[in-house]
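Only one structure is covered here, and it is reproduced in the block below.
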Amino acid sequence: MKNLNVFAPINPLGYGVAGKNCSIMLNKFFNVSLFPIGQHSFDSQKDFSLLSPLMNNSLEFDSKAPCLKIWHEFDMATRIGSGELISYSFFELDQMNSTKKHHLKQCDKVVVASEWAKDVVEKETGHNSVHVVPLGVDHSIFSPSFENNTDKFVILNVGKWEKRKGHDIILEVFNQAFPQNNDVELWMMCSNPVASKEYNDQFENYYRQDIRVRLLDRVKTQEELSDVMRASTCGFFPSRGEGWNLEVLEMMSCGKPVVTTDYSSHTEFCNADNSIAIKPKSLEKAVDNVYFKEQDVGNWACLDNIKDEFIKALRSVYSTWLQGKDTTNLEGIKTAHKFNWLNTATKMAEVING
């Protein structure tokens with residue numbers, strides 16, 4: 001087999017989950033030497049046993065082998081060896097500043113997770129080798145329980161506190177959809193590990209206004225996350241822009257109905273059969289004054305004029321649950337089986353081999 005150097009984070013965050021699963025599955029096609037970006041961590045003994053040999057391979061790596069870097073599009077300057085440089089990045093906006101353009105142009109091949117992102121890269125950089133490799137889900141972990149929660153209708157959102165992820169409107173939509181309902185709860189697993197305590201406190205104090213809201217701590221393993229997802233009834237992800245959004249696909253894999261936005265990378269795997277995806281009526285300049293500043297370039301989905309549609313969607317799922325009907329998202333389960341990590345690695349191998 002050919003050699004491949006993978007330069008990627010290995011941790012519980014989005015890039016880390018992608019780095020872990022891609023490395024494990026790509027080792028079926030290549031002799032992988034894994035170089036973790038930053039401090040690495042393992043979810044389980046199984047991950048340790050699969051990833052440690054790949055990290056040991058890096059002690060005597062092939063410097064001329066291709067380098068797959070799974071990392072931010074604005075930081076492609078560092079690499080492993082002198083072989084072909086292939087970037088795999090996930091971004092949320094429809095435009096790129098000069099730094100992002102410059103870094104992507106230095107890559108021999110650019111890989112993104114969706115056709116939406118491919119269009120952005122080609123339009124913004126003019127790169128002539130851009131490829132789509134969708135991310136996946138481990139459906140051996142994120143599996144359906146086929147049991148409905150009959151006590152409470154639980155709406156779940158997972159994703160670090162950000163305006164981009166709609167965290168400024170979720171409580172408002174929830175309260176308007178269910179103003180007096182005592183059989184409804186909103187679970188928010190949204191602690192932002194890369195932000196300050198003050199930043200996290202601002203969001204958490206806002207959500208504490210409603211006693212029906214449960215603020216969940218981040219879990220350590222994917223298995224624990226799947227348990228939380230299976231305990232919920234419905235996923236709500238009104239994101240303004242996504243590079244992928246692993247949690248939406250993971251909820252589908254657990255058989256849960258999902259209410260989300262029909263925009264950005266969601267369009268790669270969300271459709272009318274497997275989700276209630278609300279199409280934005282317009283875009284707006286992406287500004288939150290934390291991660292996206294006024295001087296930055298790019299737009300994201302405007303949510304202000306589709307709040308009513310989110311309300312109707314949540315009430316629709318609630319009505320089905322209230323009637324005791326099965327809410328299992330069978331089409332979502334089928335979708336998750338298509339978007340699995342082996343398929344991700346298979347498509348990535350095709351790109352690397354050219």
Pair S114, S265: side-chain N/O donor-acceptor within cut-off below 3.5 Å: yes

Determine whether more than 12 heavy atoms belonging to other residues, nucleotides or ligands lie under 6.0 Å from atom CZ of F48. no

State plainly whether one hydrophobic cluster holds both F269 and V120, where clusters connect Ile, Leu, Val, Met, Phe, Trp and Tyr through side-chain heavy atoms under 4.5 angstrom apart. no

Give a yes-or-no answer on whether the side chains of S41 and N11 include a donor-acceptor pair shorter than 3.5 Å. no

If only side-chain N and O atoms count, and only distance matters, is there a donor-acceptor pair under 3.5 Å linking Q323 with W321? no

Under-4.0 Å salt bridge between E309 and K279: no

Distance-only polar pair, side chains of H131 and S129, donor-acceptor under 3.5 Å: yes

If we check salt bridge (Lys or Arg N to Asp or Glu O under 4.0 Å) with R240, which of these qualifies: D94, D168, D288? D168

Measure centre to centre between the rings of H72 and Y15, then say whether the value is under 6.0 Å. yes

Please check: side-chain N/O of R230 versus main-chain N/O of F142, any donor-acceptor pairing under 3.5 Å? no

Fit a plane to each ring of W116 and F91, take the angle between them on a 0 to 90° scale, and name the class: parallel (under 30°), tilted (30 to 60°) or perpendicular (over 60°). tilted

Can you tell me if N299 uses its side chain to pair, donor with acceptor, with the backbone of Q95 under 3.5 Å? no

Using atom types as modelled and distance alone, determine if a side-chain donor or acceptor of K152 lies under 3.5 Å from a backbone N or O of N182. yes

Pair D75, H103: side-chain N/O donor-acceptor within cut-off below 3.5 Å: no

Closer than 4.0 angstrom, basic N to acidic O: yes or no for E242 and K165? yes

Between R315 and N181, is any side-chain donor less than 3.5 angstrom from a side-chain acceptor? no

Does the structure place the NZ or CZ of K347 under 6.0 Å from the centre of the six-membered ring of F339, at an angle of no more than 45° from the ring's axis? no

Please round to the nearest 0.5 Å and tell me the distance separating atom NZ of K338 and atom CG of N274. 9.0 Å

Rounded distance (nearest 0.5 Å) linking atom CD1 of I352 with atom NZ of K2: 9.5 Å

Expected output: side-chain N200 to main-chain N192 donor-acceptor under 3.5 Å: yes

Can a side-chain donor-acceptor contact be found between Y291 and D296 if the only test is distance below 3.5 angstrom? no

Please indicate whether I211 has more than 12 foreign heavy atoms, meaning atoms of other residues, nucleotides or ligands, lying under 6.0 Å from its CD1. no

Side-chain donor or acceptor of T261 paired with backbone N/O of S239 under 3.5 Å: yes

Would you say M188 and F153 are hydrophobically clustered, going by side-chain heavy atoms of ILVMFWY under 4.5 Å? yes

With side-chain contact (heavy atoms from CB on, under 4.5 Å) as the criterion, how do M189 and V228 come out once you've worked through the C-alpha distance, each side chain's angles and the decisive distance to 0.1 Å? CA-CA 9 Å; M189 186 183 286; V228 173; 3.8 Å; yes

Taking side chain as C-beta onward, heavy atoms only, is T267 less than 4.5 Å from C270? no

I'd like to know if the side chain of E124 reaches the main chain of M96, judged simply by a donor and an acceptor atom lying under 3.5 Å from each other, with no hydrogens or angles considered. yes

Keeping the roles fixed (side chain from D62, backbone from N3), state whether a donor-acceptor pair exists under 3.5 Å. no

Consider only side-chain N and O atoms of H266 and T260, and report whether a donor and an acceptor are under 3.5 Å apart. yes

Okay, side chain of K109, backbone of V351: is any donor-acceptor separation there less than 3.5 Å? yes

Regarding T221 and E224, is there a side-chain donor-to-acceptor distance under 3.5 Å anywhere? yes

Under 3.5 Å, is there a donor-acceptor pair linking the side chains of E284 and W300? yes

Report the C-alpha distance between F236 and F310 in whole Å, list the side-chain angles of each, state the deciding distance to 0.1 Å, and finish with yes or no for ring pair (Phe, Tyr, Trp, His ring centres under 6.0 Å). CA-CA 9 Å; F236 184 32; F310 286 135; 5.5 Å; yes

Contact check, side chains of Y88 and T344, non-hydrogen atoms, under 4.5 Å: yes

Testing N5, N353, I86 for side chain to side chain contact (heavy atoms under 4.5 Å, CB included) with P66, which one passes? I86

Without swapping roles, check the side chain of Q202 against the backbone of E198 for a donor-acceptor pair under 3.5 Å. no

Test your reading of the model: is there a side-chain donor-acceptor pair from S232 to the backbone of M229, 3.5 Å cut-off? yes

Side-chain donor-acceptor pair under 3.5 Å between K256 and T328, yes or no? no

